[in-house]
Amino acid sequence: VGHSFDAVFAAEFPALHRYLARRVGASAADDLAAEAFTVAFRNWERLDPERPVRPWLYGIAANVMRHHWRKERRMLRAYARTGVDPVSTEDEPAADARELAAALAELRRDEREILLLTAWAELTDAEIAGALDLPVGTVKSRLSRAREKLRNRLEPFGQEAVEAS
Amino acid sequence: VTDDLLTQFRSSVQLPDEATAQRVHARATDGRRKLRRRPLVLALVAAVGVAFAAAAFAGAFSTGEPPVATTGEQGPAPMTIAYSRTEGTLNSIAVTLSLDVSDATVRLQVVNVDSKEVVFEEQVSTTDTPPAALLGPTGDTSPEPNRSFWSGTLYPTDWNGGCQAGRYQIRYSSATGGSGDSEWFSCRG
């Protein structure tokens, strides 16, 4: 990733937008990504060139998402309740998708954040720690707790394959 | 594996197209152009603010959609609103509350001015975290004593009756943080 704003935008925007769209839908993702990149652009000249850009961007996005976690939870609950996902129009969603949506909705906000940064943004524990300004140990413990909650929630529904990775 | 299930979940969500990328890039970088013009913008905002205040005081103002308020380019107001429209139709409204109390529970309503119907209502809590537009390079900043914030986006699709042609108004009220109304705005047309 180059260190001009345009180069970073070109490299990171598609994945960041998709990450946000998976959380709150494409329409809201437009606004959230614009807000995140606006903050990034305004602070571009103050960014430490030694600092990895990607975790920094996702940290900004996490701050932006902070104001939308209720909406995300509402959408997950709606999916779990109705079987119709407000976010995605998947032709053949997995049979356990509704249960997973319910389980995600029940997670604490910080646990869901870390879990989805791992699974969808594919950040490492160290990158998440940098993004959220947390110790790596805290990230690991919250991630472990989130996975355990999902496992406990999904096991009764036949998800024997669900185990800690 | 938990991550395998999660990886499949909503995996049909597509990457954004080029038009979206260009639109978002323009929105993000437009902020910088505004910042560079800040002295001029501040002068204009101050002049317009004085004119508005004088006109409102004289009772010369009735209703109408206010100009977009951009956080950081004018002094703190209890409620600032930014409309997002496509061809005249309202897509979303970004609302920011900045209240003179450390914490507040706020009732936020969207009211159809013509029918007096509350078409949307939500209870929100302000925090000491300023909205993203005011945040520092890492997205955080020092708490400001005795001031709290809430920021969120309202979508007409969430409102009873959806996006109608009538006039709407946003209201906030809090036992400790006061109350206020926006000017009215239209959702369509």
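These values consider heavy atoms only, across backbone and side chains, with no hydrogens, waters or symmetry-generated copies. Note on naming: letters A, B, ... go to the chains in the order of the sequence lines (proteins, then strands), and numbering restarts at 1 for each one.
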| Parallel under 30°, tilted from 30 to 60°, perpendicular over 60°: which one fits the rings of A/Phe9 and B/His25? |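 Aromatic pair A/Phe9/B/His25 classed perpendicular.
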
| task | Give, as side chain, backbone, both or neither, the part of B/Ser92 having an atom under 4.5 angstrom from any heavy atom of chain A. | result | side chain

Under 4.5 Å from a heavy atom of chain B, the part of [X] involved:
| X | result |
| --- | --- |
| A/Tyr19 | neither |
| A/Leu32 | neither |
| A/Ala101 | both |
| A/Arg98 | neither |
| A/Ala61 | neither |
| A/Leu104 | side chain |

| query | Under the side-chain contact (heavy atoms from CB on, under 4.5 Å) test, which residues partner A/Arg73, sequence neighbours left out? | reply |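 In terms of side-chain contact (heavy atoms from CB on, under 4.5 Å), with neighbours along the sequence ignored, A/Arg73 is linked to A/Trp69, A/Arg70, A/Arg77, A/Ala105, A/Arg112.
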
| Is the closest side-chain donor-acceptor distance between B/Arg171 and B/Ser179 under 3.5 Å? |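 There is no such pair (donor and acceptor under 3.5 Å, judged by atom type) between the side chains of B/Arg171 and B/Ser179.
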
| For the residue pair A/His17 and A/Asp30, what are the closest heavy atoms and their distance? |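 Looking at all heavy atoms of both residues, the shortest contact is NE2-OD1, 2.6 Å.
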
| task | Sequence neighbours left out, what passes salt bridge (Lys or Arg N to Asp or Glu O under 4.0 Å) with A/Glu106? Give chain and number order. | result | A/Arg153

| query | Where the side chain of A/Glu111 meets the backbone of A/Arg108, is there a donor-acceptor pair that is under 3.5 Å apart? | reply |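 Yes; judged by distance alone, with no hydrogens or angles, the pair exists.
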
